[in-house]
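In what follows, a structure is listed as structure tokens, so that the remarks can point back to it.
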Amino acid sequence: ANNNVLKDPDHVYNLFTKEFSTDTCEVQLLYKPKNSITAGDIETIINDIEAEGEFEVKLLVHDYLKRLLPIVSKGDMRLDLGEAVNDLSSLSKAKRIPIISANQLNREAYKVLEANLDEDSPASKEKKDLGKRLSLTMQSESAMVSENADAVFGIHRELAHSKNQWYLTLKDLKMRGSKTNRDVSTTYFVHPFAPNNA
């Protein structure tokens, strides 16, 4: 038997409400096994929620792209990942809502970023703003993910050893139709974590 408590919506809801206030919103959790739903199934869930007439979906956050099946499979994992992104993009446009999902970086990215975490390494103390080095070529599994997405952001948690301060770095790797200047001053953002909250 699988005793994973995170598959129990009531348990997850209790964990969620310990961390976040639900005074101004209502949270509904629905568990589906990985690789069991498509963007079409998500659209049905949205339609069911909105059909009750009490709620309107304004944002969809899907935790991990590799857990989503394409509506029409191409029979190849890399192509299917790209198709799943296309499906989410189409759903976003049809429902007029932002959809956010996540995917991993590849080994090249980890080599660049993990050097920062070794506090005993003299080289790590000299390296900073490693998130600036992120690029679309560091996308894991399939280039079609970034090709088909409307926007791609690289997110990294980085320690500034000299200040003993953690930062969240965010790099805008792609924004479809962006007309603004695409240099680092407009595509890279760094924000400190609150003390004891990294």
Side-chain angles (χ1 to χ4, degrees), residues 32-46 57-117 124 127-160 166-193 198:
K32 296 286 186 182
K34 72 177 183 176
N35 300 120
S36 68
I37 64 171
T38 68
D41 297 317
I42 294 173
E43 182 173 15
T44 299
I45 294 168
I46 292 172
V57 175
K58 295 290 192 179
L59 168 71
L60 171 64
V61 179
H62 179 269
D63 69 342
Y64 191 48
L65 277 176
K66 287 172 80 174
R67 294 179 179 268
L68 188 67
L69 294 173
I71 293 173
V72 178
S73 175
K74 301 290 188 184
D76 177 274
M77 185 190 70
R78 289 178 174 83
L79 295 176
D80 282 351
L81 273 173
E83 286 301 307
V85 172
N86 270 339
D87 296 340
L88 288 178
S89 178
S90 295
L91 178 59
S92 172
K93 292 171 178 69
K95 291 295 181 182
R96 301 174 77 98
I97 60 171
I99 297 179
I100 300 168
S101 191
N103 197 29
Q104 290 183 324
L105 298 170
N106 62 22
R107 290 180 183 173
E108 179 189 353
Y110 286 116
K111 286 178 185 175
V112 169
L113 300 177
E114 287 185 350
N116 174 254
L117 299 179
S124 75
K127 294 179 179 178
K128 60 183 180 178
D129 287 322
L130 297 176
K132 283 183 182 177
R133 299 186 188 183
L134 294 176
S135 69
L136 289 177
T137 63
M138 295 177 173
Q139 174 79 38
S140 178
E141 301 297 349
S142 174
M144 288 188 68
V145 170
S146 54
E147 287 174 14
N148 296 350
D150 296 308
V152 179
F153 297 91
I155 300 172
H156 175 57
R157 188 179 68 128
E158 184 171 329
L159 177 64
W166 284 97
Y167 291 86
L168 183 70
T169 69
L170 189 144
K171 186 172 182 190
D172 174 356
L173 299 174
K174 173 188 175 181
M175 184 67 67
R176 193 184 306 279
S178 174
K179 302 289 192 286
T180 59
N181 186 13
R182 300 285 299 168
D183 64 30
V184 73
S185 68
T186 60
T187 60
Y188 184 67
F189 176 78
V190 180
H191 194 278
F193 279 88

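The basis for the numbers below is simple: all heavy atoms, side chains too, and nothing from hydrogens, waters or symmetry mates.
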From CG (Leu79) to CE (Met144), nearest 0.5 Å: 5.5 Å
From Met138 atom CE to Gln104 atom CD, the distance as rounded to the nearest 0.5 Å: 15.0 Å
Least distance between heavy atoms, Thr38 atom then Pro70 atom: CG2-O, 3.6 Å
Gap separating the CG atom of Leu60 from the NE2 atom of His62, nearest 0.5 angstrom: 8.0 Å
Salt bridge (Lys or Arg N to Asp or Glu O under 4.0 Å) contacts touching residues 82-100 (sequence neighbours left out): Lys93-Asp150
Distance-minimising heavy-atom pair for Ile155 and Leu134: N-CD1, 4.3 Å
Result of checking Leu113, Leu105, Val190 against His156 for side-chain contact (heavy atoms from CB on, under 4.5 Å): Leu113
Residue list, side chain to side chain donor-acceptor pair (under 3.5 Å) with Lys66, at least two apart or on another chain: Glu141
Distance (rounded to the nearest 0.5 Å) between Phe153 CZ and Leu170 CG: 6.5 Å
Salt bridge (Lys or Arg N to Asp or Glu O under 4.0 Å) partners of residues 67-79, not counting sequence neighbours, each pair once: none
For Leu91 against Ala39, the heavy-atom pair lying closest together: CD2-O, 3.8 Å
Interatomic spacing from CD1 in Ile42 to CG in Leu68 - rounded to 0.5 Å: 5.0 Å
side-chain hydrogen bond (donor to acceptor under 3.5 Å, both in side chains) between Tyr188 and Asp129, worked out: CA-CA 9 Å; Tyr188 184 67; Asp129 287 322; 3.2 Å; yes
Residue pair Ile99, Val61: steps toward the side chain to side chain contact (heavy atoms under 4.5 Å, CB included) verdict: CA-CA 6 Å; Ile99 297 179; Val61 179; over 6 Å; no
Test item: Ser89 side-chain N/O and Ala149 main-chain N/O as donor-acceptor pair under 3.5 Å: no
For the student: nearest non-hydrogen atoms of Glu158 and Gly131, plus distance: OE1-N, 3.7 Å
Any donor-acceptor pair under 3.5 Å from Lys58 side chain to Pro98 backbone: no
Distance-minimising heavy-atom pair for Ser73 and Asp80: OG-OD2, 2.9 Å
CA sep, side-chain torsions, deciding dist, call: His191, Tyr167, side chain to side chain contact (heavy atoms under 4.5 Å, CB included): CA-CA 5 Å; His191 194 278; Tyr167 291 86; over 6 Å; no
Pairwise distance CG(Asp63) to CD1(Ile100) - rounded to 0.5 angstrom: 12.5 Å
Evaluation steps, side chain to side chain contact (heavy atoms under 4.5 Å, CB included), between Leu168 and Phe193: CA-CA 7 Å; Leu168 183 70; Phe193 279 88; 3.9 Å; yes
N/O donor-acceptor pair under 3.5 Å between Asn148 side chain and Gly82 backbone: yes
Test item: Ser36 side-chain N/O and Lys32 main-chain N/O as donor-acceptor pair under 3.5 Å: no
Contact summary for Leu69 and Asn35, nearest pair of heavy atoms: CD1-O, 3.2 Å
